[in-house]
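Everything on this sheet refers to the single structure shown next.
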Amino acid sequence: MSLLDLALGNLLSPIILSFALGLAAALARSELTIPEAVAKGMSIYLLFAIGFKGGVAVNVAGLDARLVGALVAGAVLSFALPFAAFSLLRVLTRLSPLDAAAVAAHYGSISIVTFVAGTSVLEAAGLTSDGWMVAVAAVMEAPAILSALWLVARSGQGRGMDADLWREILLNGSIVLLVGSFVIGWITGQDGLDRIAAFIVSPFQGVLCLFLLDMGLVAGRGLREARGVLRPGLLAFGLVMPLVGSAAGAVAGLLLGLGAGSTMLFMVLGASASYIAVPAAMRVALPEANPSIYLTLSLGVTFPFNLTLGLPIYLAVSRMLTGG
Amino acid sequence: MSLLDLALGNLLSPIILSFALGLAAALARSELTIPEAVAKGMSIYLLFAIGFKGGVAVNVAGLDARLVGALVAGAVLSFALPFAAFSLLRVLTRLSPLDAAAVAAHYGSISIVTFVAGTSVLEAAGLTSDGWMVAVAAVMEAPAILSALWLVARSGQGRGMDADLWREILLNGSIVLLVGSFVIGWITGQDGLDRIAAFIVSPFQGVLCLFLLDMGLVAGRGLREARGVLRPGLLAFGLVMPLVGSAAGAVAGLLLGLGAGSTMLFMVLGASASYIAVPAAMRVALPEANPSIYLTLSLGVTFPFNLTLGLPIYLAVSRMLTGG
Amino acid sequence: MSLLDLALGNLLSPIILSFALGLAAALARSELTIPEAVAKGMSIYLLFAIGFKGGVAVNVAGLDARLVGALVAGAVLSFALPFAAFSLLRVLTRLSPLDAAAVAAHYGSISIVTFVAGTSVLEAAGLTSDGWMVAVAAVMEAPAILSALWLVARSGQGRGMDADLWREILLNGSIVLLVGSFVIGWITGQDGLDRIAAFIVSPFQGVLCLFLLDMGLVAGRGLREARGVLRPGLLAFGLVMPLVGSAAGAVAGLLLGLGAGSTMLFMVLGASASYIAVPAAMRVALPEANPSIYLTLSLGVTFPFNLTLGLPIYLAVSRMLTGG
Amino acid sequence: MQTHPAKRVEIIIEAMMERRLTDALVKAGVTGFTVLPVQGGSGRSGQWSRAGQVSRAGGMRAVVCIVREEALDTLLDAAFTVVERHIGVVCVTDCQVLRAERF
Amino acid sequence: MQTHPAKRVEIIIEAMMERRLTDALVKAGVTGFTVLPVQGGSGRSGQWSRAGQVSRAGGMRAVVCIVREEALDTLLDAAFTVVERHIGVVCVTDCQVLRAERF
Amino acid sequence: MQTHPAKRVEIIIEAMMERRLTDALVKAGVTGFTVLPVQGGSGRSGQWSRAGQVSRAGGMRAVVCIVREEALDTLLDAAFTVVERHIGVVCVTDCQVLRAERF
Ligand SMILES: Nc1ncnc2c1ncn2[C@@H]1O[C@H](COP(=O)(O)O)[C@@H](O)[C@H]1O
Ligand SMILES: Nc1ncnc2c1ncn2[C@@H]1O[C@H](COP(=O)(O)O)[C@@H](O)[C@H]1O
Ligand SMILES: Nc1ncnc2c1ncn2[C@@H]1O[C@H](COP(=O)(O)O)[C@@H](O)[C@H]1O
Ligand code: NA
Ligand code: NA
Ligand code: NA
């Protein structure tokens, strides 16, 4: 399958088209909306399912020395990427250090939906990946926030981290659900999965479609609201940074000797930017940073880029590099 | 299967009984309610699923010259039926022209849940229908509103349509979801369906049960609230108009040479009355019209009539007329 | 399978672990929450599914003379248990008569989720039970409230029952849904079940996991909020009373000559305490009673006890007693 | 724009008592009110939140009711009989309304 | 703590008219407001509740808008043109705000 | 019906800051308040709506707090330390309450 075929197959999958539908509807100012509670319900479902399945995979495949390495590599990546992002932003844009640091935090962290979409692309291509990549995703959520706060503190503007903020970051909903269901899946294994597979496996892709429809609606509304924000430099950053992040992810995958599937997922984690946990942390820790900049970039530019073009590229590159 | 058997089989199906349960609970003033967000979530699911499956059917069966004819016929029907409804209302009731026009708009438009229940009855009877009937349903949502506004304008009372209202009507949530998922289904075809069938096909009937339970609850509360409104003439209209609409639908189906299944669905579209999109448009365009009249008629009288007696009648008539 | 194996197998099932996850997250003050609308949606789903499946089982197995006996026994149990609970509370704790009566009402009534978890344990053990045990559960919801009001009236404090309160108790959401879907299942039988099994059977265990996650979150928050309330005497009551209730349930099951499965479920009904319907009734009928006492006991102590240790014990005892 | 003096009454009451309150209001001739959902709160009976709750117990509602000054006492009497034994808050503010004929 | 006099305007309006109202406010230069969900209510057009509703018809929103006193008339004029033919309530209260520079 | 003067304080604050605000209130001895959900709004930082949102960032809450007049300053001080660096609005209204002993 050529890269083009892959990209096209990906573009014409129900999940991407659902995202496109949402985006188009919002840009056309349709009043179509999905209630907040339903959107949250779907995200809880997706996190629970992806964590659980990852845990079961580890239970089945047995523990693996590379897991520890991968967790460490994930944490290092999440710590390091904000510095790369920050430098790139200072070159490409005129953002203040504060805004640049806030944006940087998002790109060091990850988007779990992009990760999920990545696993779908893998499945469609007939590849597998290690179940514990879910744990790597969880580990990568938070460290980037610390790097961003450090970047701000250096410029003398930050607020000290208080205990509440620590707890909020480390025990935020996505991390708790992802890690918790991963552990449950690990403990209960294939038996546990058999009992709930009809809930967390079979309908998964369908729920993902509706969730992406919602993300399209939210991204579209955000883009309409924040037109003024998207200067060329910022746009360029939103398209270049995922490539930088995915390159770093590829290096991690190769160093750890992971297969094509897991390496691709590492690239996806590096490339993707948070739009749930990190924005919330930023509102507390860096309230003066402009949220429409980081939300528009992360959800309105980088997320669609990864979803449509990024994923097939990362897959192709990962295959090439690993020979998988 | 005789008409009686058919009617009985229909009456004792889980979806009708769920509606009856909701109705009874609301009339008995039980506090049972389904949260607004859950009701909206279910309606989004149903619209997405029905649109998608219609699109896939078109992808599989190939395009069909009759599609264009059916779309045109649907639009004509939706434009024309309000005039019939308006005349009938002036004969049977003492509604003001304003109220009559508002009611008429509802009967030119359609109820997608009635349509879905119609497809269930078809399936139970072992009949098939054309996938693009979903697109016909989408096309019939809006034109009736224009006819109603014209009827009002004629009597010198209406408000001019503004651009916002146009957009709201044409891009209302149901139309966007129905057409959008239809197109996605069309593009992705059987492959796309296979990926999400466990979400949009298997649990469909069950979700429909809970949704009809909710509709019963809402209809029952409406009936209790609006007892005073339901004069005999109005009640008669709510039972006769669906027959008129279904006759018009039957003519359309026969002229287009559709099979028994699609003709029956055309009858259902003609017979059913809107209770989601049109009431919302009326609140903006004709705020002086009394909403409890049109909501009670549409949701409290015509919807249950179609659901219980209408559907088996339309099926029997369609079979007779088409010999299917 | 020894009792220990059974208990361990139960403790390590996905549903118990999900509850534990929620409890741990809430106690650690994670901000993970499930929206109210989603929680209500899941509870509606669970009630509808459990009622429907019970009704189908009755349709398939045919009516059974023991049903009437079981319904009467259930009502008697629900009336009687509050007196036992009240006496026990007066011995073990220093609660005022008012608070003691309010708590007692909860223990005469039942928890449908504990019942559902009980049927899961039965299934895992390869046992069956009578479908109409669901109807017994419905019958046991309300009578305990009357006993509690009578206990309070005796001490001269109560408020007269008004018609509204009667209706609220007898037509509360859980009873209506449980009885309604039971009747629908009964009428439509295996045919009806086949149509919606992909919705109410296959994903059931998975939805139950998420629901128990939510219950863990709510219970954990309640425990944190009401630390001060949980004196040793009260805690002892929360652990002893389920044993008393289950013993009474066992007697009922034996007297009626039920099998091991149904007897176990009778024990579960006796042992479990309400945390949805009865608290709501108490807020109206006994507003001066302290809700944090009865909610903490019922949801924070007895529910987890039943879920983890109670269920395997009741199963083992029921098997021993019935030789099943 | 011409405005008219009126009273804005805000009653925060247990969800279970909502229907009793609104029935009492309607009976007392107060047919205009708006009910707002409440997410959480704190009072003498502790702190609470609706997150993840299924039971109607433990939830509250805010009922906002704008009336002519002369109707205030009737309203408060009606509200008080319902609120009396229950937790909750009643708060009255002076206000100005447009379209006085609607009240 | 230093506070400053201002006006709190509360507009209860049909959900379908929300965007028209907020657009009119923004056009009139009133860019600060907060929209609260409404659960149910009662008025001359009867009693209603959002429970289980799918249609946007029959729902309402409460728009709260705090403005300097001198901006009140502009606000009311803008609101009135939208509310005019529609059901709903407009109510103005005197208030004191912190951080006056934000209004 | 006997009423008593009090102050109604309404604080519109980011959802992420809700717990910090209520903790500060409780610490300052203000244990009575009610939290209302907010659907959307507009301010100097733009227009927003909760529809379809998953992140807690970008949502707000309205905290309503009725206190005796003499407690107002303590409350405002406590609120201000939390609100200070954040977006949001604090608005105080005179009001009358029933059952003054509850405040
Ligand atoms: N001073 C107050 N201001 C605003 N809301 C209050 C106040 N006191 C109580 N409430 C609300 O009323 C509920 C019950 O209050 P209480 O009766 O004091 O437990 C609380 O949970 C709050 O939602
Ligand atoms: N006096 C009032 N106080 C508070 N809300 C009101 C009042 N009158 C009307 N409303 C609200 O506005 C809606 C429409 O009112 P109406 O135009 O009288 O039917 C009602 O359903 C209430 O939600
Ligand atoms: N004048 C106002 N009246 C009511 N709510 C306001 C006002 N100004 C701001 N808000 C609310 O506070 C949020 C943040 O405001 P701002 O800090 O101006 O961006 C807005 O989105 C509104 O929800
Ligand atoms: Na990243
Ligand atoms: Na029609
Ligand atoms: Na019990």
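Chain letters run A, B, ... following the sequence lines, proteins first and then strands; every chain starts at 1.
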Could you list each donor and acceptor atom pair linking chain B to chain C at less than 3.5 Å?
from	atom 1	to	atom 2	distance (Å)
B:R29	O	C:R167	NE	3.4
B:S30	OG	C:L171	O	2.7
B:E31	OE2	C:G173	N	2.5

Please look at B:I34 and chain C and tell me whether the side chain, the backbone, both or neither of the residue comes under 4.5 angstrom of a heavy atom of that chain. both

Go through the atoms of B:L208 and report whether side chain, backbone, both or neither lie under 4.5 Å from a heavy atom of chain C. neither

So which heavy atom on C:F199 is nearest to which on B:P203, and how close? CB-O, 3.8 Å

When the 4.5 angstrom heavy-atom criterion is applied to C:I200 and chain B, the contacting part is neither

Between chain C and each of B:L32, B:V201, B:L17, count heavy-atom pairs under 4.5 Å; write down the option with the most. B:L17

Heavy-atom nearest pair, C:I44 first then B:P35, reads CD1-CD, 4.1 Å

Pairs of heavy atoms under 4.5 Å with chain B: top-ranked of C:I175, C:I196, C:V38: C:I196

Applying a strict 4.5 Å limit to non-hydrogen atoms, the region of B:L210 in contact with chain C is side chain

For B:F19, enumerate each residue passing the ring-ring contact (aromatic ring centres under 6.0 Å, His included) test, keeping only those at least two apart in sequence or located in another chain. B:F303

In Å and rounded to the nearest 0.5 Å, what is the CD1 to CD1 distance from B:I15 to C:I184? 11.0 Å

